[in-house]
Amino acid sequence: MTAILHTGDPARGALWQAVFAEQMPEMDFRCWPEIGNAEEIRYLIAWTLDPELVAALDNLEVVFSIGAGVDQLDLSCLPPHVRVVRMIESGITTTMVEYVSMAALMLHRDMPFYATEQRESRWSHRDVKFCSERTVGVMGLGELGRASLARLNRLGFRTIGWSRSGGAIEGTRCYGGSGQLGDFLADCEILVCLLPLTDETRGVLSRDLFDRMPMGASLINVARGGHLVEQDLLDALDRGQLRYAMLDVADPEPLPEGHPFYSHPAIVLTPHIAGVTRKDTAVHSLIANVRRALAGEPFEGEVDRSRGY
Ligand code: NAP
Ligand code: GLV
């Protein structure tokens, strides 16, 4: 008997159990804490890892992340042979693309400024540009960065992208590696962070980076709170180096009561809702990957554990 164990949201577990029963009855889908015979569990589905549970699963082969990111999984508690697969599914991609489009348009059209004006009963206005006169740069050209760029292009923005290896994207000028980061940043009027959080990218959204962007540029962070040096952002906003920031992620989440991000007029904060794993769509990506595991085929979205993404 081969089993897969779901942890986390019980409603999602119950739904996925029913879908597996229909589409993949040969797989015994179990929902924590009903783990049954632990020796039969070869696959684990999780958002975070419980080291005690992992230690009890002697035959664990693969961890499937509920999310696109894997930094929230403490990989140090996994034996080296256990493979890790991140979630690539249409629900996350579609919701992320919609959020990035909304955020870029909100900052492009000065919505944080108008929100303050409305609260203060004022009726002033700022100059208006076309999207075609605004450059949006995306850091991280993976699944979500590329999908976001395609939509930003369709909205009419000028787009540029940067990642470790660069690459080619139709309609987008791409830069690669630390040697080309300065050229990329120099053109970013709105910067979107869609990097994974790793030892290399932690704290990348810092004073040094903000100061290489044009004066009055804006930031959208939809990746992880750990990418951002909070005080550097507050300073950059105070100095006018940055105009606005739209933040969907923070560290910790939720931010503590009274944190300055809650009330800063130039910051729009949302509670980690940019890209959402949809129960109804993600289960099909999971089933496809479990079938690949059983057939010995390569996964979609396998993480290179040595580089952390
Ligand atoms: P992905 O497909 O793994 O793409 C990662 C990209 O980042 C790749 O282009 C990679 O470059 C680049 N990269 C990694 N390390 C780098 C470094 N040190 N310097 C420069 N570029 C680097 O990831 P994804 O699926 O697009 O997801 C990105 C992140 O979004 C996730 O890790 C997660 O943290 C976040 N996320 C947030 C939400 C939300 O709701 N806010 C939802 C989903 C995901 P190469 O191509 O050269 O390897
Ligand atoms: C959400 O943050 C994800 O990583 O999918």
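Since we're looking at a predicted model, the values are computed, not measured. Worth knowing before you read on, the calculation uses all heavy atoms, side chains too, and leaves out hydrogens, waters and symmetry mates.
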(request) Compute whether any side-chain donor of one residue and acceptor of the other, for Asp232 and Ser206, lie under 3.5 angstrom apart. (result) no

Quiz prompt | Presence of salt bridge, Glu200 and Arg164, under 4.0 angstrom | solution = yes

Greater than 12 external heavy atoms within 6.0 Å of Arg278's CZ
no

* To do: Test the Arg126-Phe113 pair against the cation-pi criterion, namely NZ or CZ under 6.0 angstrom from the six-membered ring centroid and within 45° of the ring axis.
  => yes

Could you tabulate the donor-acceptor pairs under 3.5 Å formed by side-chain atoms of residues 47-62, not counting sequence neighbours?
residue, atom, partner, partner atom, Å
Asp50, OD1, Glu52, N, 2.9
Asn59, ND2, Glu39, O, 2.8
Glu61, OE2, Arg42, NE, 3.0

Mark yes or no for whether Thr93, through its side chain, and Leu144, through its backbone, hold a donor-acceptor pair below 3.5 Å. no

Query raised in the report: Could Glu302 and Arg83 be called an ion pair, given the rule that one side-chain N must be under 4.0 Å from one carboxylate O?
Result: yes

Residues, nucleotides or ligands: over 12 heavy atoms within 6.0 Å of His125 NE2
no

Please indicate whether Glu26 has more than 12 foreign heavy atoms, meaning atoms of other residues, nucleotides or ligands, lying under 6.0 Å from its CD.
yes

Charged N-O contact under 4.0 Å between Asp199 and Arg307: no

Check: Does the distance from a Lys or Arg side-chain N to an Asp or Glu carboxylate O, for Arg158 and Glu189, drop under 4.0 Å?
Finding: yes

CG (Leu234) and CD (Gln231) are apart, to the nearest 0.5 Å, by 5.0 Å

dist Asp280:CG -> Ser90:OG (nearest 0.5 Å) comes out at 8.0 Å

For Arg30 and Glu40, what are the C-alpha separation, side-chain angles and deciding distance, and is it a salt bridge (charged side-chain N to carboxylate O under 4.0 Å, His left out)?
CA-CA 11 Å; Arg30 301 177 189 168; Glu40 292 167 349; 2.4 Å; yes

For residues 1-16, the salt bridge (charged side-chain N to carboxylate O under 4.0 Å, His left out) pairs (sequence neighbours left out) are Asp9-Lys279

Do the numbers put Arg212 on top of the ring of Phe210, so that NZ or CZ is under 6.0 Å from the six-membered ring centre and no more than 45° off the axis? no

One should read off an interatomic distance between Ile160 CD1 and Asp187 CG, to the nearest 0.5 angstrom, of 5.0 Å

Value for CG (Leu233) from CG (Leu219), rounded to nearest 0.5 Å, stands at 6.5 Å

_Check this for me, if you would: do Arg122 and Glu117 make a salt bridge, where the nitrogen-to-carboxylate-oxygen distance has to be below 4.0 angstrom?_
yes

* **Full working for side chain to side chain contact (heavy atoms under 4.5 Å, CB included) between Tyr244 and Met111** => CA-CA 10 Å; Tyr244 307 122; Met111 284 311 290; over 6 Å; no

On a heavy-atom basis, the closest approach of Met87 and Ala282 is CE-CB, 3.9 Å

I'd like to know whether the aromatic ring centres of Trp32 and His6 sit less than 6.0 Å apart in this structure. no

Are Tyr309 and Asp71 linked by a side-chain donor-acceptor pair shorter than 3.5 Å? no

Nearest heavy-atom approach of Leu194 to Ser148 is CD1-OG, 3.7 Å

Check: Side-chain heavy atoms under 4.5 angstrom apart, residues restricted to Ile, Leu, Val, Met, Phe, Trp, Tyr: same cluster for Ile88 and Val283?
Finding: no

Sorted by chain and number, sequence neighbours left out, side chain to side chain donor-acceptor pair (under 3.5 Å) with His108 holds for Arg134

